[in-house]
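Some notes on the structure that comes next.
All values below come from the heavy atoms of this structure, side chains included, with hydrogens, waters and symmetry mates left out.
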Amino acid sequence: MPPRVRIAPSPTGDPHVGTAYIALFNFAFARRHGGQFVLRIEDTDQERSSRSSETAIFEALRWLGLDWDEGPDKGGPHAPYRQSERLAIYAEHVEQLLARGEAYRCFCSRERLDAVRKAQLAAKVEHPGYDGHCRDLPPAQGAARAAAGEAHVVRMRIPRSGDVVVHDRLRGEVRFGVEQIDDQVLMKSDGFPTYHLANVVDDHLMGITHVIRGEEWLTSTPKHVLLYRAFGWEPPEFYHLGLLRNADRSKLSKRKNPVSVFHYRALGYLPETFLNFLATLGFSMADNRERFSLAELIAEFDLSRLSVGGPVFDPVKLAAWNGEDMRAMSVEALVARLQRDVLDPARLHAIVELGRERVQRLDDFVPFAAFFFGGSIDLRPVLPEFTLKGRTRDEVIEILQRFLDEIEKDKDARSFTKESIEGFARGFCERTGWKTKEIFGLLRLAVVGRTAAPPLFDTLAVCGKDRTRMRLRDAIELLRATAAG
RNA sequence: GACCCCAUCGUCCAGAGGCCUAGGACGCUGGCCUUUCAAGCCGGUAACACGGGUUCGAAUCCCGUUGGGGUCGCCA
């Protein structure tokens with residue numbers, strides 16, 4: 001039986017390298033064995049999910065050449081592939097569990113849950129989690145209260161004793177005591193399923209045979225195993241890969257690294273090189289060769305050669321390989337790539353628009369536009385400019401760090417258009433009490449590397465979010481380094 | 001903190017008891033080539049976390065310690 005695998009990203013934020021990483025191995029495995037690679041959108045968080053983010057995932061995966069066989073945009077035998085469109089299916093399955101006593105309705109308020117959690121934290125209890133307040137509510141009573149319209153969630157009734165064994169094909173048997181697992185919410189009060197429920201129901205209904213995903217899911221797998229059991233289903237095979245890491249070995253995060261696939265595209269990494277690089281982070285060829293194409297990876301892919309350690313994502317090595325691959329391409333091909341990924345007509349248009357008042361000859365555009373391209377810039381020549389009257393170096397570092405952190409938390413700033421950045425930045429000044437003049441100056445300096453530039457927010461928008469973030473990080477790092485000395 | 005995972009050069013990967021005085025790649029470094037800089041070529045640097053076992057023999061198996069990571073949400 002050909003395998004069926006899936007990638008199940010949630011459409012929040014930018015398409016993540018980690019998603020591409022996991023997608024790659026799922027894709028290779030499916031192709032190797034003539035199976036199917038399914039793309040399922042896990043948009044069960046109404047707050048954070050967005051269509052634009054979903055589209056971005058499609059675009060990123062396609063840019064990399066990891067096309068799927070079934071998905072929201074293509075349909076397939078198990079459509080729909082968007083969880084928000086499968087609500088009736090989950091509701092029906094929850095009813096089943098309710099009827100069998102495998103789940104129960106919980107009417108606890110958020111306030112009560114918060115209080116319980118806080119108390120547990122304070123008391124340093126062994127296994128914090130839901131205290132089972134509604135667990136023994138008579139089902140009829142629960143049903144009646146629900147019918148009367150009382151807000152509630154549905155929780156899974158986790159057995160009170162025993163172990164759950166997860167068979168991870170990469171790690172062997174992993175045993176969990178059931179006392180560490182609290183009664184998971186399966187259905188939220190808004191009628192949407194949680195990840196655990198939707199994931200298990202869909203993997204089963206969609207005939208997924210192998211679940212290849214990140215290690216972050218390993219500890220929730222026993223819950224999934226229990227759910228399969230509650231439904232009376234056979235669980236798929238599990239493979240948990242190590243997580244991509246920052247240089248300091250923490251889980252790869254946008255706070256410390258560019259994690260958007262688009263960032264790598266914008267900086268001009270070749271998709272085939274990028275994929276090759278990702279592949280070597282978690283997989284090795286039997287003959288130990290490390291430069292190979294997607295086709296070669298597929299031809300020789302073998303799940304047992306996946307590794308479980310968390311590899312550090314090393315952009316220096318990626319860049320070295322990228323240069324090597326560029327040298328191997330024809331000039332024509334390079335020009336085509338340049339025009340597609342780095343200097344596309346829309347971007348060129350935006351740059352010319354910003355530059356035309358500031359240049360006198362056509363070829364002035366090129367030196368003018370330098371800061372719109374490339375990664376890090378040398379900020380050392382302008383280091384003294386980061387000194388602000390009445391502000392210490394530490395304060396400057398702190399405010400830049402805070403700005404950086406808050407960009408991602410702000411719903412509007414995330415889209416990174418001229419207007420949204422401006423709105424965010426002005427709000428930021430109000431919140432922090434810093435003058436716009438101070439903040440805007442610092443931003444311009446950090447991102448552009450000079451004091452003279454086109455209007456700040458246009459500039460940031462054209463530079464793009466990832467490049468902006470990267471240079472802010474660089475600036476902070478440089479300031480920290482020099483402050484220490 | 002509890003639970004779970006992981007542990008070979010700075011980093012990535014190879015090594016599935018003797019083939020290992022541990023191999024490849026990036027980085028760093030010396031040299032060659034070259035009007036320069038790159039590129040290319042040749043060479044060097046550098047690791048089995050520690051402690052106990054098992055075994056004739058351990059990087060490879062077991063236990064412990066240490067270290068790193070992940071998870072503990074009506075987020076996925």
### Task
Would you indicate what A:S189 reaches in the nucleic acid, counting non-hydrogen atoms under 4.0 angstrom: base, sugar-phosphate, or nothing?
base
### Message
Check for me whether A:R6 meets the cation-pi criterion with A:F37, that is, NZ or CZ under 6.0 Å from the six-membered ring centre and within 45 degrees of the ring axis.
### Response
no
#### Entry: Of A:T194 and A:R249, the one whose closest RNA chain B nucleotide lies more 5'
A:R249
### Message
Rounded to whole Å, please give me the gap between CG in A:D325 and C1' in B:G40.
### Response
16 Å
### Query
Do any side-chain nitrogens or oxygens of A:R327 fall under 4.0 Å of OP1 or OP2 in B:G40?
yes
## Note on the structure
Considering only heavy side-chain atoms of A:R110, the closest of B:C75, B:C74, B:C4 is B:C74
### Query
So, is A:T44 close to the B:A76 phosphate, meaning a side-chain N or O under 4.0 Å from OP1 or OP2?
yes
#### Entry: Nearest-nucleotide 5' precedence on RNA chain B, A:G129 against A:G177
A:G177
### Message
Regarding A:E215, tell me which of base, sugar-phosphate or nothing describes its non-hydrogen contacts under 4.0 Å with the strands shown.
### Response
base
### Query
Under 4.0 angstrom, heavy atoms only, what part of the nucleic acid is A:R213 near: base, sugar-phosphate, or nothing?
nothing
### Query
Could A:D73 and A:R62 be called an ion pair, given the rule that one side-chain N must be under 4.0 Å from one carboxylate O?
yes
### Task
Write down the distance separating the P atoms in B:C48 and B:C9, rounded off to the nearest Å.
7 Å
### Task
With C1' as the reference atom in both, quote the distance from B:A47 to B:G27 in angstrom, rounded to an integer.
15 Å
### Query
Parallel, tilted or perpendicular: which fits the ring planes of A:F274 and A:W63, with parallel below 30° and perpendicular above 60°?
tilted
### Task
Could you check whether A:V153 gets within reach of a base, just the sugar-phosphate, or nothing at all, counting any heavy atom under 4.0 Å?
base
### Query
Just checking A:S307: base, sugar-phosphate only, or nothing, at a heavy-atom cut-off of under 4.0 Å?
sugar-phosphate
### Query
Is a donor-acceptor contact shorter than 3.5 angstrom present between the side chain of A:T219 and the base of B:C72?
no
### Message
Any base atoms under 4.0 Å from A:F192, or only sugar-phosphate, or nothing? Heavy atoms, all strands.
### Response
nothing
### Query
Roughly how many Å is it from CZ in A:F283 to P in B:G24, rounded to a whole number?
21 Å
### Task
Please state whether the rings of A:F25 and A:F283 are parallel, tilted or perpendicular, taking 30° and 60° as the class boundaries.
tilted
### Query
Between B:C4, B:U11, B:C13, which one does the side chain of A:D314 approach most closely?
B:U11
### Task
Look at A:K251 and B:G68 and indicate whether a side-chain polar atom (N or O) is within less than 4.0 Å of OP1 or OP2.
no
### Message
Base, sugar-phosphate or nothing for A:S220? Non-hydrogen atoms, less than 4.0 Å.
### Response
nothing
### Query
Looking for any heavy atom pair under 4.0 Å, which part of the strands does A:W321 touch: base, sugar-phosphate only, or nothing?
sugar-phosphate
### Query
Relative to the ring of A:Y195, is the ring of A:H224 parallel (under 30°), tilted (30 to 60°) or perpendicular (over 60°)?
tilted
#### Entry: Atom CZ of A:R32: over 12 foreign heavy atoms under 6.0 Å
yes
### Summary
Here the distance between atom C1' of B:C4 and atom CG of A:D163, to the nearest Å, is 13 Å
### Query
Rounding to the closest angstrom, what is the interatomic distance between B:U8 and B:U55 at atom P?
27 Å
### Query
Between A:R402 and A:E406, is there a side-chain N and carboxylate O pair less than 4.0 Å apart?
yes
### Query
Within the structure shown, what part of the strands sits under 4.0 Å from A:R291 by heavy-atom distance: base, sugar-phosphate, or nothing?
nothing
### Message
I want to check one thing: is the phosphate of B:A76, taken as OP1 and OP2, less than 4.0 Å away from some side-chain N or O of A:K223?
### Response
no
### Task
Report the nucleotide, chosen from B:C74, B:A76, B:C12, that has the shortest atom-to-atom distance to any side-chain atom of A:K317.
B:C12
#### Entry: N/O (side chain, A:R305) to phosphate O (OP1/OP2, B:G15) under 4.0 Å
yes
#### Entry: Sugar-phosphate only, base, or nothing, as touched by A:E290 at under 4.0 Å among non-hydrogen atoms
base
### Query
Base, sugar-phosphate, or nothing for A:R117, non-hydrogen atoms under 4.0 angstrom?
sugar-phosphate
